[in-house]
Protein chains: 2
Amino acid sequence: MSRGRLDEIDRRILASLQENGRMTNVEVAERAGITAPPCLRRVRALEESGIIRGYHADVDPAALGYTITVFALVSLKSQAEDDLQAFEQHIAKLPEVRECFMLNGEIDFVLRVVAQDLQSFQRFLTSNLTPAPNVASVKTSLVIRKSKNDPGVPIPA
Amino acid sequence: MSRGRLDEIDRRILASLQENGRMTNVEVAERAGITAPPCLRRVRALEESGIIRGYHADVDPAALGYTITVFALVSLKSQAEDDLQAFEQHIAKLPEVRECFMLNGEIDFVLRVVAQDLQSFQRFLTSNLTPAPNVASVKTSLVIRKSKNDPGVPIPA
DNA sequence: AGTGAAATATATAGACC
DNA sequence: GGTCTATATATTTCACT
């Protein structure tokens, strides 16, 4: 059920759902220029092929008491694949870490971390992140504000 | 129409929609332990108060030809608010920059940048990012893989 | 692969507690 | 703020092209 490449209609569907993940299928179909049934089939195919990975409400962290967002730049002692995976498995268990990217260069990982306040962030840092397996250094920067928020990727019209 | 604090039911609604932004209202209501109509009212109130900022499909960048994701760590020459805003206004116009956070410390901004290939990324870097107003230094790191992807924030049960 | 109509399910508004 | 009922929409299936 995997199509090789996406056509213009698929791209319009993706653009619509990336912009508004709760748009009704009828409206997605209208924007894509087809009727609802084939549109729904395409959406399902995009979901099943993994091109659409999921749908998520963007919730204001402050509303749930998360006043602190931090980026943590982590360097490891060893970049052997086993050691990288050991670190990944460790952070997978930490709920404060919401996203983690493996990078090339001096910094091995960048983590987006949330916490209710500075004190609980410090506790997380000293108890869970700095002592993680294989960690050489951790540099943290507090987020002052989110300057731009365009989730996803550009989709050409 | 603004409630001061969120109750248990609101938190369950947020947890459900953060996990699956296309969950039907009926299922959101079931999980929250209430019936559909009051659940829908709560969802609308959460949307209107800005606690739910939006809903977005998580689209695999590779499917659209974006093989490159880069984190750019930008330091500015001046941290005066006017200069910070000038930089923010510049990057607001750049479609390659999907997210931008202002940070404390030596690094002033972290940017998530996507590109179709390394060549177009280099072009973006030398034509649009490094020459941006007030930029002192730009350090870039290529993303090798996304190790963890839990959008949003932890919501206690 | 798309259309149009029919069936099923969901969202939404209203009356009431 | 909640439930129950009724209606309007949307989703989903199906026969057909």
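Proteins get letters first, then strands, A, B, ... in listed order; numbering begins at 1 in each.
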May I have the distance from [X] (atom [atom1]) to [N] (atom [atom2]), rounded to whole angstrom?
X     : N      : atom1 : atom2 : result
B:R42 : C:dA11 : CZ    : C1'   : 18 Å
B:N25 : D:dG2  : CG    : P     : 12 Å
B:E30 : C:dA9  : CD    : P     : 13 Å
B:L40 : C:dA13 : CG    : P     : 8 Å
B:I9  : D:dT3  : CD1   : P     : 8 Å
A:E8  : C:dA1  : CD    : C1'   : 17 Å
B:L6  : D:dG1  : CG    : C1'   : 16 Å

Distance below 4.0 Å between A:R44 side-chain N/O and D:dT12 OP1 or OP2: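 True: A:R44 side-chain N/O within range (under 4.0 Å) of D:dT12 OP1/OP2.
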Shortest side-chain distance from A:P38, nucleotide among C:dA11, C:dG2, D:dT12: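 Nearest listed nucleotide: C:dG2.
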More than 12 heavy atoms of other groups within 6.0 Å of A:K139 NZ: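 No, the 6.0 Å shell around NZ holds no more than 12 heavy atoms from other groups.
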DNA chain C: 5'-proximal contact among B:E27 and A:T35 (nearest heavy atom):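 Nearest nucleotide further toward 5': that of A:T35.
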Closest-nucleotide ordering on DNA chain C, the 5'-leading residue of A:R22 and A:I34: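 Here A:I34 is the residue nearer the 5' end.
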Side-chain ion pair, B:D7 and B:R42, N-O less than 4.0 Å: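 Yes, this pair counts.
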N-O pairing of A:K146 and B:E99 below 4.0 Å: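 Here A:K146 pairs with B:E99 in a salt bridge, since their nearest N and O are under 4.0 Å apart.
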Side-chain donor or acceptor of B:Y66 paired with backbone N/O of A:P154 under 3.5 Å: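 Indeed, once roles are kept as given, a pair shorter than 3.5 Å links the two residues.
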Donor-acceptor pair present, A:R41 side chain and C:dG2 base, under 3.5 Å: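 Pair found.
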